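If you read the sequence from its start, that first residue is 1, and numbering goes on from there. Nothing here was measured: the structure is a model prediction, and the numbers come from that model. These numbers come from the heavy atoms of this one structure, side chains and all, not from hydrogens, waters or symmetry mates.
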Amino acid sequence: VRLKIVCVGHPSTDLGRIEGEASADVLSAVNEHLRRKSSLVAYKGFSADLPLRGFVRVDSLPVCLLRVPAEYWSLIGTDRRNNFKQKLRQGRTLRVVEQEGCDQSLAQDLFRLYLQTYERASIKFERLVPKYFTATSSISRYLLFYEGEKLIGFVQLICNKSRMVFRYIGMDYQRNRRYGLYFLIFLKGIEVCLRDGLSEMECGPTSYDFKRKLGCDLVPTYVYYKHANPLLHWFLKRVRPWLEPSEEELQ
């Protein structure tokens, strides 16, 4: 079964944002143009108030958003602050390298670690290929975690003047417990935000219990869709409950 679709949304972030006017009339004109490419138009990762006439709105996975004010450490409370400092000490023997972009050789190492994380994920999205890391090199910053000379963890960061997108993580799970690597990767990302004056850290969907411990808010997101054929639209409207996340996926 094939279903051609044109989708509005950002390829590298989970929160949809529209720069400029997003009125019902403007979006209606945009959708008329998009229907030249496909009869089925969808919007991914937007808020509940997007004025899309006749579109079906479906609950999607919430996105974790961490507010990182300059006084972040003093606001999180003594117990949690001490716990985070302990996690940082656990990984203090690792060498952390920060660099812009990556070359072909590094991309292969990143992909190897990414696959370990992907295979262990309870919810799987698209499966990347090594070329992804070189294709996004110009917009990416990486934190690389080394045990001696061996790369055992990384995170891809996409930053602008005020916000960081904490995109893809990869790590050696045989060393995760020893260094608290998963926790350490996020804490180092917070340190970068504080150093560079970035006020928000977008941490993506899933792993909600862990990200709440960091202080993340869960931002509801929605998918909107509409088919130009009334009969097919009626059918797609009826499958809406199958598209919404389950209780297990929201843990």
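A 4.5 Å side-chain heavy-atom check between F111 and Y168 finds every atom pair outside the cut-off. Annotation: side chain of L75 is in contact with side chain of P69 (closest heavy-atom distance under 4.5 Å). L151 has its side chain within reach of L113: a pair of non-hydrogen atoms, C-beta onward, lies under 4.5 Å apart. The shortest side-chain heavy-atom distance between R175 and K150 falls under the 4.5 Å cut-off. Put simply, the side chain of P220 does not reach to within 4.5 Å of the side chain of P62, judged on heavy atoms.
In terms of modelled atom types and a separation under 3.5 Å, the side chain of K211 and the main chain of P205 share a donor-acceptor contact. Counting only distance, with no hydrogens or angles, the side chain of D14 and the backbone of G204 share no donor-acceptor pair below 3.5 Å. The closest donor-acceptor contact from the side chain of K226 to the backbone of V56 lies at 3.5 Å or more, if one exists at all.
A distance of 6.5 Å separates CG of L181 from CG of L94, quoted to the nearest 0.5 Å. Taken from CZ in F154 to CD1 in I185, the straight-line distance is 8.5 Å, to the nearest 0.5 Å. The CD atom of E200 lies 11.0 Å from the SG atom of C216; values are rounded to the nearest 0.5 Å. Atom CG of L157 sits about 8.0 Å away from atom CE of M201, to the nearest 0.5 Å. Atom SG of C203 sits about 5.5 Å away from atom CG of L66, to the nearest 0.5 Å. In this structure, CZ in R81 is found 14.5 Å from CD in Q86, a value given to the nearest 0.5 Å.
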* **Residues R53, S28; criterion side chain to side chain contact (heavy atoms under 4.5 Å, CB included); working and verdict** => CA-CA 7 Å; R53 296 171 181 148; S28 180; 4.0 Å; yes
* To do: Given side chain to side chain contact (heavy atoms under 4.5 Å, CB included), test E202 with I158 step by step and report yes or no.
  => CA-CA 10 Å; E202 185 183 314; I158 301 174; over 6 Å; no
* I would like to know whether L194 and V68 meet side chain to side chain contact (heavy atoms under 4.5 Å, CB included); could you show each step before the answer? => CA-CA 7 Å; L194 291 169; V68 192; 3.6 Å; yes
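Sorted by first then second residue, the side chain to side chain donor-acceptor pair (under 3.5 Å) pairs that include residues 156-165, not counting sequence neighbours, are Y132-Q156, T136-Q156, S140-Q156. Within the structure, ring pair (Phe, Tyr, Trp, His ring centres under 6.0 Å) pairs that include any residue of residues 17-36 do not occur (at least two apart or interchain). Residues in residues 110-119 take part in no side chain to side chain donor-acceptor pair (under 3.5 Å) pair, two or more places apart or across chains.
Evaluated for a side-chain hydrogen bond (donor to acceptor under 3.5 Å, both in side chains) with Y179, the options Q90, R92, E147 yield exactly one hit, E147.
Taking Ile, Leu, Val, Met, Phe, Trp and Tyr as hydrophobic and joining them when side-chain heavy atoms fall under 4.5 Å apart, one finds V219 in a cluster with L15, V63, L65. Y224 shares a hydrophobic cluster with V6, V8, I18, V26, L27, V30, L34, V41, Y43, F46, L50, L52, F55, Y222; the chain of contacts runs through ILVMFWY side chains whose heavy atoms sit under 4.5 Å apart.
In this view, F210 and Y182, F183, F186 satisfy the ring-ring contact (aromatic ring centres under 6.0 Å, His included) rule, not counting sequence neighbours. With sequence neighbours left out, the side-chain contact (heavy atoms from CB on, under 4.5 Å) criterion links R80 to I76, F84. Every residue was checked against the salt bridge (Lys or Arg N to Asp or Glu O under 4.0 Å) condition with R120, not counting sequence neighbours, and none meets it. Remark: K213 pairs with D209 by the side-chain contact (heavy atoms from CB on, under 4.5 Å) rule, at least two apart or across chains. Evaluation of the salt bridge (Lys or Arg N to Asp or Glu O under 4.0 Å) rule for K188 yields E191 as partners, not counting sequence neighbours.
Residues R35 and E32 are paired through a salt bridge, judged by an N-O separation under 4.0 Å between the basic side chain and the carboxylate. Ionic pairing of R178 and D172 is not present here: no N-O contact between side-chain nitrogen and carboxylate oxygen is shorter than 4.0 angstrom.
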Donor-acceptor pairs under 3.5 angstrom involving side-chain atoms of residues 229-237: please list them, not counting sequence neighbours.
unit_1	atom_1	unit_2	atom_2	d
N229	OD1	L231	N	2.9
N229	OD1	L232	N	3.1
H233	ND1	H227	N	3.2
H233	NE2	G54	O	3.3

Check residues 95-103 and write down every donor-acceptor pair under 3.5 Å in which the side-chain atom is one partner and the other belongs to a residue at least two apart or another chain.
unit_1	atom_1	unit_2	atom_2	d
R95	NH2	G148	O	3.3
E98	OE1	R195	NH1	2.9
E98	OE1	R195	NH2	3.4
E98	OE2	R141	NH1	3.2
E98	OE2	R195	NH2	2.8
Q99	NE2	G101	O	3.0
E100	OE2	R141	NE	3.4
D103	OD1	S105	N	3.3
D103	OD1	L106	N	2.8

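Note on M164: it clusters hydrophobically with Y72, by side-chain heavy-atom contacts below 4.5 Å among ILVMFWY residues. The hydrophobic cluster containing L214 also contains W73, counting ILVMFWY residues as joined when their side-chain heavy atoms lie under 4.5 angstrom apart, directly or transitively. By the rule that hydrophobic residues join a cluster once side-chain heavy atoms approach within less than 4.5 Å of another member, Y146 and Y142 end up as members of one cluster. In the hydrophobic cluster analysis, where Ile, Leu, Val, Met, Phe, Trp and Tyr join through side-chain heavy atoms closer than 4.5 angstrom, L143 is grouped together with I152. Linking Ile, Leu, Val, Met, Phe, Trp and Tyr residues whenever their side-chain heavy atoms come within less than 4.5 Å places L40 and W242 in a single cluster.
Taking a 6.0 Å sphere around CG of D79, one finds it holds 12 or fewer heavy atoms contributed by other residues, nucleotides or ligands.
Side-chain contact annotation: S47 with D49, donor-acceptor N/O pair under 3.5 Å present.
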